[in-house]
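Have a look at the structure below, then the notes.
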Amino acid sequence: MGNEQVDVQDSSTIVLRREFPLLGAYVAPRTPIERRLAEIWRHALNMDQVGVNDNFEELGGDSLLAVSIFAEIEEALSIAVPIGSLSRSPTIAQLAQVIDELVAKREK
């Protein structure tokens with residue numbers, strides 16, 4: 001799974017250790033949109049958890065993965081989010097704010 005390093009501590013013990021970029025403290029999703037985005041990102045990035053302040057690219061995300069994620073966002077939230085939003089809003093917290101703004105405009 002993901003980036004793993006085998007660490008042989010002695011002849012009878014093998015430890016698999018996931019290597020992730022240093023991202024700072026984990027901040028859990030707080031809103032329904034943040035929770036759904038975190039679920040989508042976790043699945044797409046094959047990670048156990050994604051915090052709302054984690055950066056998509058620093059987590060290993062690329063443009064092909066972004067296309068997949070945005071298709072899933074559109075299906076899950078029934079809203080088309082411009083894929084360029086990710087470069088300006090690379091965290092779940094920032095992207096959730098973009099989505100909130102799009103929803104507010106749509107409801108006017």
Side-chain angles (χ1 to χ4, degrees):
M1 288 180 104
N3 298 328
E4 295 176 338
Q5 176 182 346
V6 177
D7 184 5
V8 180
Q9 295 176 340
D10 63 39
S11 62
S12 64
T13 306
I14 296 178
V15 178
L16 292 179
R17 188 176 25 186
R18 295 195 92 163
E19 291 184 2
F20 294 106
L22 297 175
L23 299 172
Y26 170 78
V27 178
R30 302 157 291 210
T31 68
I33 290 177
E34 286 182 352
R35 283 190 288 277
R36 188 63 180 116
L37 289 175
E39 182 180 320
I40 291 168
W41 285 28
R42 274 189 311 102
H43 175 73
L45 294 162
N46 195 28
M47 298 180 72
D48 294 331
Q49 70 180 17
V50 177
V52 297
N53 295 322
D54 294 340
N55 182 292
F56 179 73
E57 287 184 15
E58 290 175 2
L59 293 174
D62 58 26
S63 59
L64 292 176
L65 196 53
V67 170
S68 172
I69 284 174
F70 275 74
E72 194 167 342
I73 289 169
E74 184 171 357
E75 182 178 321
L77 301 176
S78 300
I79 191 160
V81 181
I83 198 161
S85 302
L86 192 58
S87 64
R88 293 182 304 281
S89 305
T91 68
I92 288 173
Q94 293 168 331
L95 192 56
Q97 186 173 11
V98 169
I99 292 170
D100 285 338
E101 291 168 6
L102 290 170
V103 169
K105 285 180 185 178
R106 181 175 68 182
E107 292 176 351
K108 285 185 180 183

**Study point:** Close side-chain approach of Ile99 to Ile73, heavy-atom, < 4.5 Å
**Key:** yes
Point to revise | Flag side-chain contact, heavy atom, 4.5 Å: Ile83 against Val67 | key: yes
Practice item. Would you mind listing every ring-ring contact (aromatic ring centres under 6.0 Å, His included) that reaches into residues 63-100, with sequence neighbours excluded? Key: none
Review point. What residues, two or more places apart in sequence or in another chain, satisfy side chain to side chain contact (heavy atoms under 4.5 Å, CB included) together with Ser89?
Key: Gln94, Val98
Practice item. Identify the two heavy atoms, one from Pro82 and one from Ala80, that lie closest to each other, and give their separation to 0.1 Å. Key: CD-O, 3.9 Å
Exercise for review: Supply the atom-to-atom distance Glu72 CD to Leu77 CG, rounded to the nearest 0.5 angstrom.
Suggested key: 9.5 Å
Check your understanding: Mind checking what makes side chain to side chain contact (heavy atoms under 4.5 Å, CB included) contact with Arg88, not counting sequence neighbours?
Key -> Ser85
Revision key, fill the gap. In short, Ala93 meets Asn53 closest at the heavy-atom pair CB-OD1, 4.0 Å
Point to revise | Criterion side chain to side chain contact (heavy atoms under 4.5 Å, CB included) on Leu95 and Phe56, from CA distance to verdict | key: CA-CA 10 Å; Leu95 192 56; Phe56 179 73; over 6 Å; no
Study note, to complete from the structure: Rounded to the nearest 0.5 Å, the CG atom of Asp54 sits from the CD atom of Gln49 at a distance of 8.0 Å
Revision key, fill the gap. Residue pairs meeting ring-ring contact (aromatic ring centres under 6.0 Å, His included), one or both in residues 71-108, sequence neighbours left out, come to none
Show me the donor-acceptor pairs, under 3.5 Å and distance only, between side chains in residues 59-66 and residues at least two apart or in other chains.
from: Asp62; atom 1: OD1; to: Leu64; atom 2: N; distance (Å): 3.2
from: Asp62; atom 1: OD1; to: Leu65; atom 2: N; distance (Å): 2.8

In residues 31-41, what donor-acceptor pairs under 3.5 Å come from side-chain atoms, sequence neighbours left out?
from: Thr31; atom 1: OG1; to: Glu34; atom 2: N; distance (Å): 3.1
from: Glu34; atom 1: OE1; to: Arg30; atom 2: N; distance (Å): 2.8
from: Glu34; atom 1: OE1; to: Arg30; atom 2: NE; distance (Å): 3.1
from: Glu34; atom 1: OE2; to: Arg30; atom 2: NH2; distance (Å): 2.9
from: Arg35; atom 1: NH1; to: Arg30; atom 2: O; distance (Å): 3.2
from: Arg36; atom 1: NH1; to: Glu39; atom 2: OE2; distance (Å): 2.8

